[in-house]
Amino acid sequence: QVHVVESGGGLVQAGGSLRLSCTASGRTFGSYAMGWFRQAPGREREFVSAISRGGTTKYYGDSVKGRFTISRDNIKNTVYLQMNSLKPEDTAVYHCAGGRGGLPSVNSHDYDYWGQGTQVTVSS
């Protein structure tokens with residue numbers, strides 16, 4: 001069983017930045033594609049970003065392109081989401097997920113392991 005744990009959420013003013021971290025257990029972290037999704041109250045889960053197992057392919061949702069950057073460190077079993085120029089509409093619980101397939105996907109059904117999430121709140 002792979003355990004995924006997110007951290008780094010918090011309260012920030014609009015225009016500010018946060019960096020989320022996601023650590024996954026297991027020696028096969030480097031074989032997983034990793035993704036970030038978010039869900040705000042009353043809204044459906046939304047794709048944020050994804051990265052291939054080697055880190056060479058990255059996808060971003062339209063609403064975060066140019067503001068968020070995903071990266072990973074396979075030595076530390078960690079994936080990061082740098083979030084800049086935050087907006088109130090970025091407020092949500094951010095979930096990290098790992099996919100055994102190794103290829104990044106915008107579809108949450110392609111991921112096998114999920115963390116509990118970390119709250120990000122952006123005040124106006």
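As the structure is a prediction and not an experimental result, all values here were calculated from the model.
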For this session: Kindly state each residue pair satisfying ring-ring contact (aromatic ring centres under 6.0 Å, His included) with at least one member in residues 4-25, sequence neighbours excluded.
Result: none
Problem set entry | ring-ring contact (aromatic ring centres under 6.0 Å, His included) contacts in which one or both residues fall within residues 70-110, not counting sequence neighbours |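 ring-ring contact (aromatic ring centres under 6.0 Å, His included) check on residues 70-110 returns no pairs.
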For this session: Would you check, one step at a time, whether the test side-chain contact (heavy atoms from CB on, under 4.5 Å) holds for I51 with V79?
Result: CA-CA 9 Å; I51 188 168; V79 62; 4.0 Å; yes
Distance from [X] atom [atom1] to [Y] atom [atom2], nearest 0.5 Å?
| X | Y | atom1 | atom2 | result |
| --- | --- | --- | --- | --- |
| S108 | E44 | OG | CD | 10.0 Å |
| T56 | R72 | OG1 | CZ | 10.0 Å |
| M83 | S49 | CE | OG | 11.5 Å |
| H3 | N77 | NE2 | CG | 13.0 Å |

Just to verify, what does [X] make a side-chain hydrogen bond (donor to acceptor under 3.5 Å, both in side chains) with, not counting sequence neighbours?
| X | value |
| --- | --- |
| D90 | R38, R67 |
| S52 | none |
| N107 | none |

For this session: Give me the other members of the hydrophobic cluster that F37 sits in, counting Ile, Leu, Val, Met, Phe, Trp and Tyr linked by side-chain heavy atoms under 4.5 Å, directly or via other members.
Result: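 Via sub-4.5 Å side-chain contacts, F37 links to F47, Y59, V106, Y111, W114.
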Residue pair [X] / [Y], side-chain heavy-atom distance below 4.5 Å:
| X | Y | value |
| --- | --- | --- |
| Q39 | E46 | no |
| V4 | T23 | no |
| K76 | F29 | no |

Nearest atoms (heavy-atom pairs only) where [X] meets [Y]:
| X | Y | answer |
| --- | --- | --- |
| P88 | S124 | CG-CB, 3.9 Å |
| V2 | A24 | CG1-CB, 4.2 Å |
| V12 | G16 | CG2-CA, 3.9 Å |
| A50 | P104 | CB-CB, 3.8 Å |
| S105 | D110 | OG-OD2, 2.5 Å |
| W36 | L20 | CH2-CB, 3.6 Å |

Problem set entry | All side-chain contact (heavy atoms from CB on, under 4.5 Å) counterparts of L11, not counting sequence neighbours | T121, S123
For this session: Check the pair V48 / L81 against side-chain contact (heavy atoms from CB on, under 4.5 Å), numbers first and verdict last.
Result: CA-CA 9 Å; V48 176; L81 185 69; 4.0 Å; yes
For this session: Show the numbers, then the answer: is there a side-chain hydrogen bond (donor to acceptor under 3.5 Å, both in side chains) between Q119 and T91?
Result: CA-CA 8 Å; Q119 176 70 46; T91 295; 5.9 Å; no
For [range], pull every pair meeting disulfide bond (SG atoms under 2.5 Å apart), keeping only residues two or more places apart or in separate chains.
| range | answer |
| --- | --- |
| residues 31-92 | none |
| residues 73-124 | C22-C96 |
| residues 31-75 | none |

Exercise. Which pairs, with at least one residue in residues 4-22 and sequence neighbours excluded, count as a side-chain hydrogen bond (donor to acceptor under 3.5 Å, both in side chains)?
Worked result: S17-N84
For this session: Give the intermediate values and the outcome of side-chain contact (heavy atoms from CB on, under 4.5 Å) for residues L18 and L86.
Result: CA-CA 8 Å; L18 283 174; L86 283 162; 4.2 Å; yes
Problem set entry | Main-chain N/O of S71 paired to K58 side chain as donor or acceptor, under 3.5 Å |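 Between the backbone of S71 and the side chain of K58 there is no qualifying donor-acceptor contact (under 3.5 Å).
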Seminar exercise, completed: Across all chains, not counting sequence neighbours, the ring-ring contact (aromatic ring centres under 6.0 Å, His included) partners of Y113 are Y32
For this session: Please say whether more than 12 non-hydrogen atoms of neighbouring residues, nucleotides or ligands are located less than 6.0 Å from CD in Q116.
Result: no
For this session: For the pair T118 and V93, evaluate side-chain contact (heavy atoms from CB on, under 4.5 Å) and give the outcome as yes or no after the intermediate values.
Result: CA-CA 5 Å; T118 186; V93 176; over 6 Å; no
